[in-house]
Chemist: 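The structure follows.
Naming: A, B, ... by sequence-line order, numbering from 1 per chain.
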Number of protein chains: 2
Amino acid sequence: MTPQTGTQAIDRAARLLTLVVQSEEPRSFTSLAEDSDLAKSTTSRLLQALERHHLVRRDRDGAYRPGPLFTGYAARHDPVDDLVQVAEPTLQRMGDAVGETVNLSVPRGETVVQVAQVDSTYRLSATNWLDVDTPPHCSALGKVFYAYGTLPLPTGRLERRTGRTLTSRTALERDLAQVVRRGFAVTHEELEPGLSAIAAPVRHRDGAVIAAVSVSGPTTRIEERIDELSRLLVAETKRLSAALGYRPGKARKDGAA
Amino acid sequence: MTPQTGTQAIDRAARLLTLVVQSEEPRSFTSLAEDSDLAKSTTSRLLQALERHHLVRRDRDGAYRPGPLFTGYAARHDPVDDLVQVAEPTLQRMGDAVGETVNLSVPRGETVVQVAQVDSTYRLSATNWLDVDTPPHCSALGKVFYAYGTLPLPTGRLERRTGRTLTSRTALERDLAQVVRRGFAVTHEELEPGLSAIAAPVRHRDGAVIAAVSVSGPTTRIEERIDELSRLLVAETKRLSAALGYRPGKARKDGAA
DNA sequence: CTCCAGAGTTCCATATTATGGAACCTAACT
DNA sequence: AGTTAGGTTCCATAATATGGAACTCTGGAG
């Protein structure tokens with residue numbers, strides 16, 4: 001299944017390429033040679049081959065950056081599709097661990113769109129579901145986007161869905177402040193009786209909140225496990241954010257095996 | 001400068017990788033082996049190495065698709081940055097050819113943002129200039145976005161900037177219909193006396209107009225060369241659209257309700 | 001159930017290919 | 001003119017990739 005042999009040159013070239021693509025800063029020749037433990041001559045030959053094939057390019061300082069094959073790919077693709085790809089393992093893992101519905105959503109316009117979901121049968125389904133019937137202030141996902149300023153706060157009045165819906169602006173703002181403090185949002189039957197959810201932000205390289213992940217299910221099941229669920233949710237969204245290039249503080253990255 | 005030697009394995013692997021990344025459809029093992037003229041055994045070994053390094057992945061049908069290194073890169077990057085990278089050669093070439101200012105713009109919110117520019121000194125400069133002072137209906141770029149429905153038509157009244165500004169909705173709509181018919185937009189001193197411009201759309205893989213390129217300069221110089229300039233502009237924007245994956249003819253559009 | 005074809009993987013003797021130390025180049029400093 | 005840092009080229013060597021053939025697996029068709 002895995003011939004680790006007969007591919008030394010490719011293994012080395014791939015290692016160099018990964019170094020270039022993964023690091024956000026352009027890499028110098030020397031730093032690449034050191035980090036990959038290759039002789040200068042070998043590094044030079046491999047990088048030249050990669051450059052010839054448009055996998056890397058050199059900027060005017062001579063530093064290596066991802067090449068036209070990467071920029072072209074990125075320009076051709078909807079970043080949301082790629083977010084879904086990257087998030088898939090996270091969602092799958094969470095679905096397996098908690099046995100509840102897990103959702104990945106992004107903001108669009110003034111509202112929230114679900115872009116992937118793992119339901120309680122553990123099956124991943126890619127959705128593109130603009131849920132017009134869920135006002136953001138009633139959903140955990142929406143609260144995350146409000147709390148971190150990704151969606152502008154609603155200007156009209158706050159529709160009441162259940163007895164627990166937050167309908168006053170001060171109540172909502174107090175809740176949003178708590179979201180930021182805790183790092184995740186909670187809704188207890190604010191959209192629908194019997195339904196609860198928690199959600200946490202996914203951050204991008206520049207720190208912007210670009211998506212959110214939620215776990216939702218019957219209030220009884222969610223409430224009794226809320227500590228466990230929120231810990232898992234926050235851990236997984238942090239990990240996903242890291243995969244997207246977000247570095248809280250200054251973190252050094254090493255070979256994530 | 002270019003040792004074409006000592007890198008056979010990498011050259012071959014890069015060829016395979018390029019085939020996978022460039023084709024929008026997933027590629028089967030056999031089609032890759034044929035198109036690259038490699039023995040089955042070699043193809044197998046190389047693809048396994050690429051897969052091990054996350055450069056390609058196999059979907060559940062066994063077909064090869066771009067791997068996590070590509071999707072991860074795309075998810076981490078602003079697609080506009082990558083658009084600028086891809087468009088750079090186009091803009092440079094046009095600037096050299098026409099000796100006038102060339103602009104690349106994208107829509108944002110309700111207006112137009114310039115993201116790259118080659119001025120008449122032929123120097124490329126990356127800008128990120130939200131030109132609040134240019135209402136889209138007075139600019140060739142804005143007209144392109146209106147004409148192809150990328151920007152919603154303005155709801156308020158149309159501000160008059162010069163004697164030639166189109167201020168009536170019917171005049172504007174007639175002009176926009178002509179833009180679609182001709183394939184490019186023209187403004188003759190509608191923003192500022194003495195200034196003229198032409199602009200054409202850049203299309204994305206799914207056919208959506210995601211950007212526009214303009215050539216602008218003094219009315220005297222623009223008007224006398226308008227045939228030449230528009231031919232070049234349309235040819236170059238078509239080429240750029242093709243580089244972004246647009247295939248005129250098969251206008252595929254997925255119903256994303 | 002058996003046979004066949006298509007798709008892909010593994011094996012292994014061979015020689016072609018990648019390797020890396022040393023020499024070399026070229027700016028940028030001093 | 002001298003030095004260093006960053007990078008490229010050379011070339012004898014042996015380690016590496018190669019590809020034909022054998023093999024496995026899967027899904028029909030008879």
Chemist: Measure from the side-chain N and O atoms of A/T18 to the backbone N and O of A/A14, and report whether any donor-acceptor pair falls under 3.5 Å.
Modeler: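 Such a contact is found between A/T18 side chain and A/A14 backbone.
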
Chemist: Could you tell me how far apart B/K40 (NZ) and D/dT24 (P) are, to the nearest whole angstrom?
Modeler: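 My rounded result for the distance is 14 Å.
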
Chemist: A/L47 CG to D/dT8 C1': how many Å, rounded?
Modeler: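 Taking CG of A/L47 and C1' of D/dT8, I get 12 Å after rounding.
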
Chemist: Say you draw a straight line from CZ of A/R225 to CD1 of A/I198; how long is it, rounded to the nearest 0.5 Å?
Modeler: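 The distance works out to 9.5 Å.
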
Chemist: Over all strands shown, is B/T30 touching base, sugar-phosphate only, or nothing at heavy-atom distances under 4.0 angstrom?
Modeler: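 The residue B/T30 makes sugar-phosphate contact but no base contact.
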
Chemist: CG of A/D37 versus P of C/dT19: gap in Å, rounded?
Modeler: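 For the pair A/D37 CG and C/dT19 P, the rounded distance is 14 Å.
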
Chemist: Can you tell me if A/R12 touches the phosphate of C/dT19, counting only side-chain N or O atoms and a distance under 4.0 Å to OP1 or OP2?
Modeler: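 Affirmative; the distance criterion is met.
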
Chemist: Taking CD from A/E34 and P from D/dA5, how many angstroms apart are they, rounded to a whole number?
Modeler: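 That distance rounds to 12 Å.
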
Chemist: Rounding to a whole Å, what distance do you find between A/L46:CG and D/dG7:P?
Modeler: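 Going from CG in A/L46 over to P in D/dG7 covers 15 Å.
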
Chemist: Do any side-chain nitrogens or oxygens of A/T42 fall under 4.0 Å of OP1 or OP2 in C/dG20?
Modeler: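 Yes, within the criterion.
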
Chemist: Taking atom types as they are modelled, would you say the side chain of A/S41 forms a donor-acceptor pair with the base of D/dG7 within the 3.5 Å cutoff?
Modeler: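 For A/S41, whose side chain was compared with the base of D/dG7, there is no donor-acceptor pair (under 3.5 Å).
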
Chemist: Counting only N and O atoms by type, is there a donor-acceptor contact under 3.5 Å from the side chain of A/R15 to the main-chain atoms of A/S36?
Modeler: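 Confirmed, A/R15 side chain pairs with A/S36 backbone.
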
Chemist: Under the 6.0 Å and 45° cation-pi test, does A/R203 pair with A/Y246?
Modeler: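 Yes, a cation-pi geometry holds between A/R203 and A/Y246.
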
Chemist: Nearest whole Å is fine: how far is C/dG8 P from B/R27 CZ?
Modeler: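 Taking CZ of B/R27 and P of C/dG8, I get 12 Å after rounding.
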
Chemist: Can you tell me the distance, in whole Å, between the CD atom of B/E51 and the P atom of C/dT9?
Modeler: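 B/E51 atom CD is separated from C/dT9 atom P by 9 Å.
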
Chemist: From C-beta outward on B/F29, which listed nucleotide comes closest to its side chain: C/dT9, D/dG19, D/dT8?
Modeler: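 Given the options C/dT9, D/dG19, D/dT8, the side chain of B/F29 is closest to C/dT9.
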
Chemist: Taking the side chain of B/A39 as its heavy atoms from C-beta onward, which of C/dG21, C/dT9, D/dG19 lies nearest to it?
Modeler: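 Nearest nucleotide to the side chain: D/dG19.
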
Chemist: Side chain of B/S44 only, heavy atoms from C-beta on: which candidate in D/dT18, C/dT10, D/dT8 is closest?
Modeler: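 The listed nucleotide nearest to B/S44's side chain is C/dT10.
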
Chemist: Rounding to a whole Å, what distance do you find between A/Q48:CD and C/dG20:P?
Modeler: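 It works out to 16 Å between those atoms.
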
Chemist: Given C/dG8, is OP1 or OP2 found less than 4.0 Å from the side-chain N or O atoms of B/T43?
Modeler: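 No, no such contact exists.
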
Chemist: Under 4.0 Å between a side-chain N or O of A/R45 and OP1 or OP2 of D/dT9?
Modeler: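 Checking A/R45 against D/dT9: no side-chain N or O falls below 4.0 Å of OP1 or OP2.
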
Chemist: Looking at C/dA18, D/dG7, C/dG8, which one has an atom nearest to any side-chain atom of B/A9?
Modeler: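 For B/A9, the side-chain atoms sit closest to C/dA18.
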
Chemist: Measuring from atom CD of A/Q117 to atom OG of A/S105, what distance do you get when rounded to the nearest 0.5 angstrom?
Modeler: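 One gets 9.0 Å once the value is rounded to the nearest 0.5 Å.
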
Chemist: Identify which nucleotide among C/dT19, D/dG19, C/dG8 has an atom closest to any side-chain atom of B/R58, counting heavy atoms from C-beta outward.
Modeler: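 Nearest to the side-chain atoms of B/R58, counting from C-beta on, is C/dG8.
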
Chemist: For D/dA15 and A/Q8 - does any side-chain N or O of the residue sit under 4.0 Å from the phosphate oxygens OP1/OP2?
Modeler: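 Checking A/Q8 against D/dA15: no side-chain N or O falls below 4.0 Å of OP1 or OP2.
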
